[in-house]
Amino acid sequence: MRDFYGVTLANPLMLGTAQYPSPAILADAFRASKAAVATVSLRREQGAGQDFWALIRDLGVRVLPNTAGCHTVKEAVTTAHMAREVFETPWIKLEVIGHTDTLQPDPFALVEAARILTEDGFHVFPYTTEDLVLAERLVEAGCRVLMPWGAPIGSGLGLNNIYGLRTLRAHFPDIPLVIDAGLGLPSQAAAAMEMGYDAALLNTAVAKAGDPVAMARAFALAIEAGTLAHAADPMEPRDMATPSTPVIGKAWLA
């Protein structure tokens with residue numbers, strides 16, 4: 001497995017902690033998912049108090065704080081510094097939203113904030129698009145992980161730009177890539193892992209499911225299946241049919 005800033009994860013699934021029907025269901029979903037990382041918003045932690053933070057600690061997973069809801073460089077950097085103090089980790093999922101409807105990241109502010117935070121000692125996980133130029137700028141800014149979206153946050157649309165995501169994977173063979181946002185079904189997560197992505201991050205697909213625990217289990221199986229499929233070196237698609245049964249020994253009837 002790929003390491004993330006020197007840390008090797010036991011499982012390539014990262015799961016968000018928002019929107020669950022209850023704290024108990026959140027905890028059960030995490031256990032069913034076998035996720036190794038919990039993404040946590042500083043704003044949620046402040047609103048829920050010590051009980052929520054104790055619940056997260058009890059899960060025994062690594063915490064990835066995020067700057068969810070930030071729209072400017074200053075806001076994102078300030079939130080990241082506060083999160084580092086609260087959660088005692090240099091890891092930060094950097095979000096700088098540029099478009100209100102699609103929640104698409106602001107590429108210019110994202111690169112600037114990533115550079116500032118990297119220089120301040122943060123290990124930045126940038127929420128980005130599949131744009132190659134933007135990805136290169138983020139790597140130049142010091143990011144050692146890239147987190148391209150599959151689709152807009154919370155949309156459940158899956159992998160909207162397969163070509164772009166494949167190209168990103170091919171262009172950055174040595175950079176850990178995490179599909180972040182837009183996944184709605186386990187099959188979509190499996191497809192991302194089959195392409196060679198190193199992890200998947202999701203929240204709404206599990207938290208808002210009719211049965212979050214069952215959906216978490218489904219995503220766990222999908223992540224495992226996709227990872228195994230990629231490692232098994234799958235066959236290339238063909239334009240024409242190829243018989244799987246040999247014709248040698250076939251009975252020829254007059």
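As the structure is a computational prediction, the values presented were derived from the model and not from experiment. By convention here, the first residue in the shown sequence is residue 1.
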Provide the closest heavy-atom pair for Thr39 versus Asn66 in the form atom of the first, atom of the second, distance. CB-ND2, 4.1 Å
Gln104 side, atom CD; Thr128 side, atom OG1 - distance, nearest 0.5 Å: 9.0 Å
Answer yes or no: is there a side-chain heavy-atom contact under 4.5 Å between Asn160 and Trp149? no
Donor-acceptor contacts, no H, no angles, side chain residues 177-194, under 3.5 Å, sequence neighbours left out:
unit_1	atom_1	unit_2	atom_2	d
Asp180	OD1	Lys93	NZ	3.3
Asp180	OD2	Lys93	NZ	3.2
Gln188	OE1	Gly184	N	2.6
Gln188	OE1	Leu185	N	3.0

Contact between Pro65 and Val40 at the side-chain level, heavy atoms closer than 4.5 Å - yes or no? no
Look up atom OG1 in Thr100 and atom NE2 in His71, then write down how far apart they are to the nearest 0.5 Å. 6.0 Å
Steps toward side-chain contact (heavy atoms from CB on, under 4.5 Å) verdict (Arg217, Val213): CA-CA 6 Å; Arg217 172 65 174 154; Val213 178; 5.9 Å; no
Would you say Val111 and Phe108 are hydrophobically clustered, going by side-chain heavy atoms of ILVMFWY under 4.5 Å? no
Leu168 side chain reached by His171 side chain, heavy atoms, under 4.5 Å: no
Is the Phe125-Trp91 ring centre distance short of 6.0 angstrom? yes
State the OH-SG distance between Tyr5 and Cys143, to the nearest 0.5 angstrom. 5.0 Å
Tell me the closest heavy-atom pair linking Ala36 and Ala10, and the distance in Å. CB-N, 4.2 Å
side-chain hydrogen bond (donor to acceptor under 3.5 Å, both in side chains) filter on Thr204, not counting sequence neighbours, yields Gln19
Using side-chain heavy atoms (C-beta onward) and a distance below 4.5 Å, is Thr78 in contact with Thr67? no
In short, Ala199 meets Met14 closest at the heavy-atom pair CB-CE, 4.2 Å
Roughly how far, to the nearest 0.5 Å, is the CG atom of Leu103 from the OG atom of Ser155? 9.5 Å
Report yes or no: does Asp120 contribute a side-chain atom to a donor-acceptor pair with the main-chain N or O of Phe122 at less than 3.5 Å? no
Side chains of Ile116 and Glu112, heavy atoms from C-beta outward: is any pair under 4.5 Å? yes
Taking the side chain as C-beta and beyond, is there a heavy-atom pair between Pro176 and Asp3 under 4.5 Å? no
Which pairs pass salt bridge (Lys or Arg N to Asp or Glu O under 4.0 Å) with one or both residues in residues 140-155, sequence neighbours excluded? Arg137-Glu140
What distance do Asp28 atom CG and Ser22 atom OG have between them, rounded to the nearest 0.5 Å? 8.0 Å
Looking at every non-hydrogen atom in both residues, tell me the closest pair between Phe4 and Val145 and how far apart they are. CD2-CG2, 3.8 Å
Would you confirm whether the ring centroid of Tyr197 sits within less than 6.0 angstrom of the ring centroid of His230? no
Can you tell me if Asn203 uses its side chain to pair, donor with acceptor, with the backbone of Ala18 under 3.5 Å? yes
Grouping I, L, V, M, F, W and Y whenever their side-chain heavy atoms are under 4.5 Å apart, do Tyr20 and Phe219 come out in a common cluster? yes
How close do Ala205 and Ala209 get, heavy atom to heavy atom, and via which atoms? O-CB, 3.5 Å
Option from Thr79, Val124, Leu64 for which side-chain contact (heavy atoms from CB on, under 4.5 Å) with Ile92 holds: Val124
Hey, quick one: are Leu221 and Leu15 part of the same hydrophobic cluster, counting side-chain heavy atoms closer than 4.5 Å, chains of contacts allowed? no
Minimum side-chain heavy-atom gap Arg169-Asp198 below 4.5 Å: yes
Minimum heavy-atom separation for Val96 to Ala113, with atom names? CG2-CB, 4.3 Å
How far does OG1 of Thr89 sit from CZ of Arg62, to the nearest 0.5 angstrom? 5.0 Å
Please check if the side chain of Arg84 supplies one atom and the backbone of Phe87 the other of a donor-acceptor pair under 3.5 Å. no
Mind checking whether Ile223 and Leu59 sit in one hydrophobic cluster, side chains of I, L, V, M, F, W, Y counted as touching below 4.5 Å? yes
Would you call Pro107 and Asp131 a side-chain contact if the rule is heavy atoms closer than 4.5 Å? no
Indicate, with yes or no, if Tyr127 and Val37 share a hydrophobic cluster defined by side-chain heavy-atom contacts under 4.5 Å among Ile, Leu, Val, Met, Phe, Trp and Tyr. no
